[in-house]
Amino acid sequence: MTGSRRKGSGPNRERGRSRPTVSEEPIKVAIATTPKSGSDGQPEMHQDVALVKAALLYADEVEIVSLGVSMFDELQQAMNSGDHGGFDLLAAMDDETLAHIASQGGNAELPVNWREMLGRALALDPNALERTDPGSAQVLRELREAAEEIGSSTQADIEALFEQFGATELVVALRAKVVKVADLGITPSTTLRPADVRATETDQQIWNWIDALISRLTDRRTRLLFDRDAGNLIQSMYDEGKIPASPQGMRLAAQAALGAGFAERLPAFPMAKMDELIDLRAELALPLARYRGAVIRFSKNIEPMVGEGLAFEVQQRWDESVKPMLMDLKDEMADHGLVRELARSLNVKDVRNFGFWTSGTYFAFANSTSLDALATGLVATGASAVPQAASVALSAVRTRRAATGDVESNELFYLYETNRRLER
């Protein structure tokens with residue numbers, strides 16, 4: 001279960017992404033996260049990204065219910081709005097916020113109809129004005145150049161923020177439209193208002209966030225996946241009777257925690273890129289369906305809870321059952337294990353003593369980890385040297401293929417294969 005990524009290897013962009021899983025009803029996971037800050041007090045989103053990646057390996061549909069991500073989503077939409085992204089971001093702000101920004105910088109107030117004026121100006125073609133009004137054409141060109149410069153600068157600034165806060169890969173998922181962001185009433189103006197206004201709005205946004213979680217906790221089609229702080233908060237409110245009891249919602253939350261939590265514990269998971277995960281879940285549709293069945297089975301005996309208690313249960317099931325089973329699957333799929341089995345079948349105590357058969361056979365063994373290649377070498381020399389060895393080799397190949405089929409039908413084969421592919 002350990003390994004390293006080959007340098008230069010990347011996801012195959014020719015793979016299809018739209019193929020659905022075999023589930024009749026899509027598995028939807030809503031991720032609930034709380035804002036996090038790094039040691040320097042700046043926002044960070046590494047936990048949000050990790051949960052999104054893990055959820056994508058389990059669910060068909062992923063939504064993120066997060067105040068921090070909602071703010072960043074507004075910014076990334078402005079970043080993707082085209083050459084005039086900076087002006088588009090300003091146009092999306094309300095007049096009160098723009099007035100506050102202008103007052104902080106000592107700038108004059110904008111005209112009342114500035115949005116309409118700017119939109120019309122940027123829509124005009126300067127070349128069309130050249131003959132009739134060269135002066136206006138030149139002004140328009142300068143305006144468009146300024147808009148493009150501001151737009152490019154704004155996009156670069158926002159991209160730098162995404163990288164600084166660990167949100168770059170989240171943008172990949174948002175652009176691929178495999179992750180949706182819940183509407184929590186946040187706008188581009190939200191973080192730029194005066195402090196007193198912002199404090200009042202923040203309180204309302206927190207209640208919007210809690211209401212969104214409650215609605216999803218009582219939705220039988222949605223599995224809530226919490227970060228630790230969000231889970232502890234909802235558990236406290238649940239225990240104190242401040243939110244309605246929802247045993248079914250809690251059980252679905254347990255399934256989300258298990259399904260994503262096991263994936264997150266794969267050794268290769270920390271190295272995984274968002275693009276690779278998006279491709280993988282489409283390619284392994286049938287193993288994924290079996291894995292989801294295993295998740296349901298694992299969740300049956302978990303008490304209704306979220307937060308630290310649920311995180312503990314996920315870790316227990318990983319340590320007790322999932323990790324040992326994955327190690328068994330790896331051992332069953334390893335060619336070298338079957339080669340040793342072949343040696344035992346021939347009563348050879350030292351595998352290297354296969355070389356006594358013939359030099360050609362030894363060469364086939366010593367230079368290949370493939371049991372099929374070894375069998376080919378044995379058959380090539382079997383007629384004059386060791387017919388028994390060739391027969392056993394062919395039998396071992398058949399055993400290998402049968403074992404592979406058994407492994408692929410295992411309910412945790414999805415995790416094994418996901419880890420194997422991510423290690424390449």
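Throughout, residue positions are numbered sequentially from 1 according to the sequence presented.
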*Asks:* Could you work out, with salt bridge (charged side-chain N to carboxylate O under 4.0 Å, His left out) as the rule, every residue matching E240, not counting sequence neighbours?
*Replies:*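 For E240, the residues satisfying salt bridge (charged side-chain N to carboxylate O under 4.0 Å, His left out) (neighbours in sequence not counted) are K242.
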
*Asks:* By salt bridge (charged side-chain N to carboxylate O under 4.0 Å, His left out), which residues pair with R317, not counting sequence neighbours?
*Replies:*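 With neighbours one apart ignored, the set is E313.
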
*Asks:* Can F72 and F165 be said to form a ring pair (Phe, Tyr, Trp, His ring centres under 6.0 Å), step by step?
*Replies:* CA-CA 10 Å; F72 273 82; F165 300 156; 5.5 Å; yes

*Asks:* Could I get the full list of ring pair (Phe, Tyr, Trp, His ring centres under 6.0 Å) partners for F262, not counting sequence neighbours?
*Replies:*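 Residues passing ring pair (Phe, Tyr, Trp, His ring centres under 6.0 Å) with F262: F298.
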
*Asks:* Report the C-alpha distance between D319 and R265 in whole Å, list the side-chain angles of each, state the deciding distance to 0.1 Å, and finish with yes or no for salt bridge (charged side-chain N to carboxylate O under 4.0 Å, His left out).
*Replies:* CA-CA 10 Å; D319 292 335; R265 286 166 171 79; over 6 Å; no

*Asks:* Using the salt bridge (charged side-chain N to carboxylate O under 4.0 Å, His left out) rule, take K53 and E264 through it: C-alpha gap first, then chi angles, then the decisive distance, then the call.
*Replies:* CA-CA 8 Å; K53 287 181 178 179; E264 194 173 10; over 6 Å; no

*Asks:* Should we count CD of E303 as having more than 12 external heavy atoms under 6.0 Å?
*Replies:*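 Check fails, neighbour count at 12 or below.
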
*Asks:* Step by step, would you call R421 with E283 a salt bridge (charged side-chain N to carboxylate O under 4.0 Å, His left out)?
*Replies:* CA-CA 11 Å; R421 295 192 186 196; E283 294 177 354; 2.7 Å; yes

*Asks:* Count the heavy atoms of every other residue, nucleotide or ligand shown that sit under 6.0 Å from CZ of R221, and state whether that count exceeds 12.
*Replies:*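 Counting other residues, nucleotides and ligands, CZ of R221 stays at 12 neighbours or fewer.
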
*Asks:* Given the rule in the side chain to side chain contact (heavy atoms under 4.5 Å, CB included) test, do R223 and I27 qualify, once you have shown the distances and angles that lead to the verdict?
*Replies:* CA-CA 8 Å; R223 293 156 171 80; I27 300 293; 3.6 Å; yes

*Asks:* Any donor and acceptor pair, going by atom type alone, linking the side chain of Y414 with main-chain N or O of R281 inside 3.5 Å?
*Replies:*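 A pair under 3.5 Å: no.
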
*Asks:* Establish, from distance only, whether the side-chain atoms of D48 and T33 form a donor-acceptor pair under 3.5 Å.
*Replies:*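 Their side chains do contain a donor-acceptor pair, which is all the 3.5 Å distance test asks for.
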
*Asks:* Let's go through R251 and K300 carefully: what are the C-alpha distance in whole Å and the side-chain angles of both, what is the deciding distance for side chain to side chain contact (heavy atoms under 4.5 Å, CB included) to 0.1 Å, and is it a yes or a no?
*Replies:* CA-CA 8 Å; R251 180 174 175 184; K300 287 183 177 179; 3.4 Å; yes

*Asks:* Is there a donor-acceptor contact under 3.5 Å from the side chain of W209 to the main chain of V65?
*Replies:*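 Yes, W209 side chain to V65 backbone: donor-acceptor pair under 3.5 Å.
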
*Asks:* Quick one: does any side-chain atom of R216 pair with a main-chain N or O of A212 as donor and acceptor, under 3.5 Å?
*Replies:*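 Yes, because the side chain of R216 sits within donor-acceptor range (under 3.5 Å) of the backbone of A212.
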
*Asks:* I would like to know whether R420 and E417 meet salt bridge (charged side-chain N to carboxylate O under 4.0 Å, His left out); could you show each step before the answer?
*Replies:* CA-CA 5 Å; R420 187 187 70 82; E417 183 65 9; 2.5 Å; yes

*Asks:* Counting heavy atoms not belonging to Q315, are there more than 12 under 6.0 Å from its CD?
*Replies:*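 Yes.
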
*Asks:* Under the 3.5 angstrom rule, does the side chain of N419 hit a backbone N or O of A268 as a donor-acceptor pair?
*Replies:*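 Confirmed, N419 side chain pairs with A268 backbone.
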
